Q: 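One structure coming up, written as structure tokens, with questions to follow.
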Amino acid sequence: MMIVLIALIVLMILGAIVALESRDLLSAIISLGIIGFALTIIFLVLSAPDLAIVQIIIETLTLIILIAAVLKTTRADTSETVNARVVMLWISGIIFMGLFLLSAVRAFQSLPEFGALGLRMAQAYLDGFRQTGASNLVTAVILDFRGYDTLGEATVLFTSVAGVVTVLRKAGRKD
Amino acid sequence: MKGMTVIVKKISQLMVPSIFLLGLYVVVHGHLTPGGGFAGGVLLVGCFVLQILAYGSDEVRNDLKKWRASLSESIGIVLFLFIALLGLFQGGVFFYNTIARAHPGSALDLFSAGLIPLSNLAIGIEVAAALFAIFLTLAVFRMEKHT
């Protein structure tokens, strides 16, 4: 299982690099899709079907919207390359990578051993079912124990739609 | 946006009912099987998006109104808030699961877990309408200005 995970993560990193470096926006979006669909397989391997369903549907819809937007506008990457202050970019990149590795090592040391969560999760499923009556513990958590979080997420979605509709509206524009 | 060939139109015509049914299933069974309001809502909006992409926005232009998507989105989020307030007034705590406490519920039934299926419905309506509004704004009504 670890080999599959490592291979998928390497594939995701390669896809991210291609998406960054590609001059053609359509191929950049396609390689962005590699990241999302590889993440779906990782969720399935780690037996998290809830996340896998959400990830694969959202990824497909996002790719459709992005491809439609690219086909309607331009395919060439029009952003200019910044060649000033290359030294500053390298220094800040190295500092950030060092900080990231340091905190990642600290975080991974405090995690329990890989795959050692079985009994704790089984107990959590029994307790959650007794307290809420929902046999899908993920739904029980996001809609009962952590209802405020879900309300916040719904509000974020509402606000983002309001922002998109306001920015791209036709009526009331000056130009 | 122009429509695609007759093959794509026919295939999408055959696929859309089953996708819609799967979306409804995922929303309604959110408290029993993997999925829930978010995943089911995106499935529901997926069949609308498929139809618009296959048939082109010119054919459905007269029936498409952006304010309807915005209205259903607002209805979804107000419904979710109303469910939360129901817990406040009935049980004294925001998001209190009143029905589950009153009826302990038969295990693994469709009508169990109290307010959770209703919240799933509200979330599904909200997510589907929100994503459909974004799709309409970005991909359909955006090009009208240039043409």
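If you're wondering where the values come from, they're calculated on a predicted model, not measured in any experiment. In what follows, every chain begins at residue 1, and chains take the letters A, B, ... in the order their sequences are listed.
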Q: Need one label for B:Val127: side chain, backbone, both or neither, based on atoms under 4.5 Å from any heavy atom in chain A.
A: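 Both backbone and side chain.
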Q: Could you tell me which non-hydrogen atom of A:Glu59 sits nearest to which non-hydrogen atom of A:Leu32, and how far apart they are?
A: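 Between these two residues, the closest heavy atoms are OE2-O, 3.8 Å.
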Q: So which part of B:Ser119 gets closer than 4.5 Å to some heavy atom of chain A, the side chain, the backbone, both or neither?
A: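 Both backbone and side chain of B:Ser119 come within 4.5 Å of chain A.
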Q: Between B:Asn120 (side chain) and B:Gly37 (backbone), is there a donor-acceptor pair under 3.5 Å?
A: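 Side chain of B:Asn120 to backbone of B:Gly37, a donor-acceptor pair under 3.5 Å: yes, one is there.
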Q: Checking B:Ala84 against chain A: side chain, backbone, both or neither under 4.5 Å from a heavy atom?
A: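 Contact with chain A involves no heavy atom of B:Ala84 at all.
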Q: For A:Thr150, which atoms come within 4.5 Å of any heavy atom of chain B: side chain, backbone, both, or neither?
A: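 Contact with chain B is through both the backbone and side chain of A:Thr150.
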Q: Where on B:Val42 is there a heavy atom nearer than 4.5 Å to chain A: the side chain, the backbone, both, or neither?
A: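 It is both, since atoms from each part get that close.
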Q: Does the side chain of B:Leu44 reach to within under 4.5 Å of the side chain of B:Ile125, using non-hydrogen atoms?
A: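 The answer is no; the side chains never approach within 4.5 Å.
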Q: Judged by atom type as modelled, is there a donor-acceptor pair below 3.5 Å linking the side chain of A:Ser22 to the main-chain atoms of A:Val18?
A: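 No; judged by distance alone, with no hydrogens or angles, the pair does not exist.
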Q: Please verify the inter-ring angle class for B:Phe48 with B:Phe132; under 30° counts as parallel, over 60° as perpendicular, anything in between as tilted.
A: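 Answer is tilted, since the angle falls between 30° and 60°.
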Q: So which of A:Leu157, A:Val54, A:Thr155 has the largest heavy-atom pair count under 4.5 angstrom toward chain B?
A: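 With the most close heavy-atom pairs to chain B, the winner is A:Leu157.
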Q: Side chain from CB out, backbone as N, CA, C, O: work out which of these in A:Leu61 comes under 4.5 Å of a heavy atom of chain B, or both, or neither.
A: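 The side chain, not the backbone.
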Q: Tell me, side chain or backbone of B:Leu43 under 4.5 Å from chain A's heavy atoms, or both, or neither?
A: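 For B:Leu43, heavy atoms of backbone and side chain both lie under 4.5 Å from chain A.
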Q: Measure the CD1-CG distance between A:Ile42 and A:Leu11 for me, rounded to the nearest 0.5 Å.
A: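 It is 9.0 Å, given to the nearest 0.5 Å.
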Q: Please state whether the side chain, the backbone, both or neither of A:Ile56 comes within less than 4.5 Å of a heavy atom of chain B.
A: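 Neither; nothing under 4.5 Å.
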Q: Report which part of A:Gln55 has an atom under 4.5 Å of a heavy atom belonging to chain B: side chain, backbone, both, or neither.
A: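 The answer is neither part of A:Gln55.
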Q: Identify the heavy atoms of B:Ala128 and B:Val45 that sit nearest to each other, and give their distance.
A: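 Smallest heavy-atom distance, with atoms named: O-CG2, 3.5 Å.
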